[in-house]
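Structure first, commentary second.
Reminder, nothing fancy here: chain letters follow the sequence lines and each chain counts from 1.
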Amino acid sequence: MDQYLQNIIRKALIEMGVSEEAIPEIQIETPRDPSHGDSATNVAMALAKPLRNNPRKIAEELVKNLKTDPDKISSVEIAGPGFINFRYSDNYLYAELKQLLEMGNEFGKGSDNRGVNALVEFVSANPTGPLTVGHGRNAVLGDTVARLLEWTGAEVQREYYFNNAGRQMRVLGQSVQARYLQQLGKKADLPEGGYEGEYIVDIAKSLVEEHGDSLLNEADEKLFKEKAEAAIFDEIKKTLERMNIVMDSFFNENTLYEDGSIDQTIEKFRKKGLAYDKDGAVWFKTTEFGKDKDTVLIKSTGEPTYRLPDIAYHANKLERGFDLCLDVFGADHIDTYPDVLNGIDVLGYDKSKVDVLVYQFVTLVKDGKPYKMSTRKANFVTLDELMDEVGEDVTRFFFLMRSPNTHLEFDVAQAKEAGEKNPVFYLQYAHARIQSILRKVDEIAEFSDMADLSVLTHDSEITLIKKMLSFPDAVSLAASHREPHRVITYLNELASNFTTFYHDCRIVGEDKAIMQARSELAKAVAAVLRNGLGILGITAPDRM
RNA sequence: GCGCCCGUAGCUCAACUGGAUAGAGCAACUGCCUUCUAAGCAGUAGGUUACAGGUUCAAGUCCUGUCGGGCGUACCA
């Protein structure tokens with residue numbers, strides 16, 4: 001529809017004698033207030049200055065030259081300072097609704113990202129402990145944006161990047177070793193900054209079960225580290241699966257050392273004069289890119305900082321031929337992003353293919369108070385515990401319901417409420433209610449002919465149809481902004497429109513033609529709800 | 001100090017990247033279950049969009065400054 005309007009407006013402008021170059025981008029928008037029509041354009045206002053004319057006059061002339069198809073547009077009005085408002089004809093709505101019903105589960109899919117081969121990297125927590133609430137937002141956002149990209153036509157690979165080599169992992173191994181010794185009655189202390197979580201003890205216990213005391217004389221933590229990593233990764237995968245997330249690949253940072261990418265990266269930097277030695281360390285001249293300090297790439301101990309592998313990793317991704325590499329990370333990592341971009345730019349890759357989704361922190365609210373967490377101090381809340389308490393659907397929904405760019409307050413009490421306070425159920429309830437009605441219709445009536453949708457003339461029916469038709473736009477916007485909460489906002493409006501219809505119009509017991517048409521309408525709503533909830537990774541139950 | 005993000009109803013947040021009278025949920029108040037699911041609906045109340053300037057036909061949205069909050073500013077990840 002937008003395109004159609006743009007076309008006829010363009011033609012009308014040319015008819016008026018406006019030159020091609022003078023025509024601005026023709027913006028079509030949906031007015032907030034439905035009494036202003038279904039679509040509106042501001043071209044007349046945008047043209048006021050270049051044409052040195054009153055916007056309302058321009059609008060009048062434009063409308064005079066406009067050739068609208070009555071099967072699509074029923075009225076054109078000029079309003080306010082010079083808006084041109086279009087109202088869709090009912091025939092257009094019925095035709096579109098019919099198409100929606102035919103598309104069913106496909107309705108809402110778009111082509112913005114057709115042919116795009118995308119890699120979404122998310123979670124990427126090192127295997128030092130179970131996933132916590134903090135990781136939850138990352139996981140759910142990443143997965144949902146991946147789904148949005150898929151809905152707009154992209155081929156998406158989900159990747160989990162991890163590092164099992166650093167200091168943290170050694171400390172983890174030592175922590176498990178200490179707990180193992182304690183299990184066998186030996187005296188052993190946790191290392192400095194060791195992991196205090198109960199899960200470490202569990203891993204140690206399972207080692208005792210499996211190996212008895214045969215590991216008593218292990219010289220270092222290596223074996224314990226490996227055991228811990230395997231056990232923890234196992235748990236992480238289970239947690240993700242529970243949240244409806246399946247990774248396509250796990251990328252070990254170590255690969256980058258083994259295949260020489262790390263060394264090559266440093267070499268290239270040196271050749272370009274962007275890396276140098278100082279105080280036994282290797283530095284990246286980030287001052288060249290406007291930072292106040294240079295950045296260490298390799299510590300004087302010989303160990304690289306995370307920044308170097310980060311750059312090599314992104315080069316690796318681009319080397320694999322992805323058109324879009326999307327990173328999902330918390331606001332605390334934002335500073336590394338420009339370095340990575342500059343790094344791969346220096347290496348000769350197209351940095352515009354790398355995009356980032358930054359989200360703000362999550363505050364867990366328990367008993368009305370914010371709950372402070374730290375992984376090492378074991379006073380964290382794991383994602384599993386959270387899901388045990390409030391359920392999987394609610395967990396996903398809460399992580400998605402706010403713009404990524406704003407702090408998220410996760411109120412456990414509110415999430416636990418089965419009823420009124422919990423916004424998830426509003427959507428699911430609408431779907432279940434439709435299914436219930438359709439079951440009833442199935443029992444009492446059989447339809448042989450095609451439904452005549454043109455009997456749908458009630459205000460709330462028309463509003464509902466229009467809302468459904470805007471679903472593809474909502475998906476497209478959510479995808480391009482990487483903001484899943486837009487889908488939630490949309491679904492809330494849709495569910496609300498449906499409930500209004502439900503109260504205004506009956507289905508069961510009406511004349512057969514009306515019952516049939518309204519059943520079709522309800523089916524369409526259910527399909528859109530399912531599709532939307534599907535994007536969010538949330539179930540659409542048939543009964544509640 | 002510097003960089004990034006944020007400041008909207010009592011609380012948690014929207015607002016289609018600059019559009020028309022700033023909207024939801026929760027909390028408060030008033031009604032509604034012999035009729036397809038009341039996990040619902042209708043209504044009332046609640047605002048100088050932190051503050052001060054600026055840009056233009058039009059600013060919650062863009063620019064500058066001030067105040068307030070979060071994060072970063074490591075040879076930690």
Side-chain angles (χ1 to χ4, degrees), chain A residues 27 29-33 35-36 40 42 44-46 48-49 54-55 79-83 85 124-126 128 163 166-168 193 278-283 290-293 295-307 310 330-338 358-361 363 365 368 401-403 405-411 414 417-426 428-430 432-441 444 470 473-474 476-478 480-481 485-486 488-490 492-493 496 499-500 502-510 515 518-519 522 543-544:
Chain A
Q27 293 177 27
E29 55 193 31
T30 309
R32 248 201 285 255
D33 184 343
S35 73
H36 292 142
N42 61 353
M45 274 133 48
K49 205 162 199 184
N54 177 320
F83 287 101
N85 297 334
S124 296
N126 287 337
T128 57
N163 159 19
R167 193 177 68 87
Q168 289 306 324
K278 196 181 94 183
D279 306 330
V282 183
W283 295 72
K291 280 214 165 181
D292 7 320
K293 281 183 214 156
T295 310
V296 171
L297 288 175
I298 301 179
K299 301 185 234 172
S300 51
T301 60
E303 235 175 331
T305 63
Y306 63 98
R307 216 164 289 237
D310 256 12
D332 54 336
H333 284 56
I334 187 67
D335 264 12
T336 80
Y337 178 60
V358 179
Y359 60 90
Q360 303 293 322
F361 286 152
T363 314
V365 177
M401 79 183 168
R402 304 302 178 209
S403 157
N405 205 13
T406 178
H407 286 263
L408 172 68
E409 201 156 289
F410 197 123
D411 188 333
Q414 189 187 11
E417 292 269 352
E420 319 151 53
K421 290 183 188 167
N422 195 323
V424 191
F425 295 115
Y426 188 68
Q428 297 185 319
Y429 185 61
R433 193 181 240 174
I434 292 170
Q435 297 309 324
S436 164
I437 294 170
L438 292 176
R439 281 193 294 271
K440 207 146 279 181
V441 170
I444 61 168
S470 69
D473 277 351
S476 161
L477 276 168
S480 63
H481 292 236
H485 76 280
R486 288 169 187 270
I488 290 181
T489 306
Y490 170 84
N492 271 321
E493 289 164 4
S496 166
T499 322
T500 305
Y502 170 83
H503 283 271
D504 290 349
C505 307
R506 289 190 59 81
I507 299 176
V508 174
E510 293 288 325
M515 183 166 29
R518 286 183 178 162
S519 297
R543 297 167 204 273
M544 285 175 78

[N] base / [X] side chain donor-acceptor hit below 3.5 Å:
X        : N      : answer
A:Ser300 : B:rC75 : yes
A:Asp332 : B:rA77 : no
A:Tyr306 : B:rA77 : yes

State whether [X] places a side-chain N or O below 4.0 Å from either non-bridging phosphate oxygen (OP1 or OP2) of [N].
X        : N      : result
A:Tyr502 : B:rA38 : yes
A:Asn42  : B:rA58 : no
A:Lys299 : B:rC76 : yes
A:Lys293 : B:rA74 : yes

Quiz item: Where each residue is assigned the nucleotide of RNA chain B containing its nearest heavy atom, which of A:Arg543 and A:Glu303 is assigned the position nearer the 5′ end?
Solution: A:Arg543

Quiz prompt | First of A:Trp283 and A:Thr406 reached from the 5' end of RNA chain B, by closest nucleotide | solution = A:Thr406

The side chain of [X] lies closest to which of these nucleotides: [options]?
X        : options                : value
A:Asp33  : B:rA77, B:rG40, B:rU21 : B:rU21
A:Arg486 : B:rC5, B:rC36, B:rC16  : B:rC16
A:Lys440 : B:rC36, B:rA38, B:rC75 : B:rC36
A:Asp335 : B:rA14, B:rG72, B:rC36 : B:rG72
A:Met544 : B:rA39, B:rG19, B:rC41 : B:rA39
A:Arg402 : B:rA14, B:rC36, B:rU56 : B:rA14
A:Thr499 : B:rG40, B:rC5, B:rU12  : B:rG40
A:Tyr429 : B:rG40, B:rC36, B:rA20 : B:rG40

Base, sugar-phosphate or nothing for [X]? Non-hydrogen atoms, less than 4.0 Å.
X        : answer
A:Lys291 : nothing
A:Asn85  : base
A:Ala432 : base
A:Ala46  : nothing

Could you check whether [X] and the base of [N] form a stacked pair, meaning centres closer than 5.5 Å and planes differing by less than 30°?
X        : N      : value
A:His407 : B:rC6  : no
A:Phe83  : B:rA20 : yes
A:His36  : B:rA20 : yes

Exercise. Please determine, by modelled atom types, if A:Asp33 and A:Ser35 share a side-chain donor-acceptor pair under 3.5 angstrom.
Key: yes

Exercise. Find the partner of B:rG19: check Watson-Crick (N1-N3 plus N6-O4 or O6-N4) and G-U wobble (N1-O2, O6-N3) distances, both under 3.5 Å, and reply none if neither fits.
Key: B:rC57

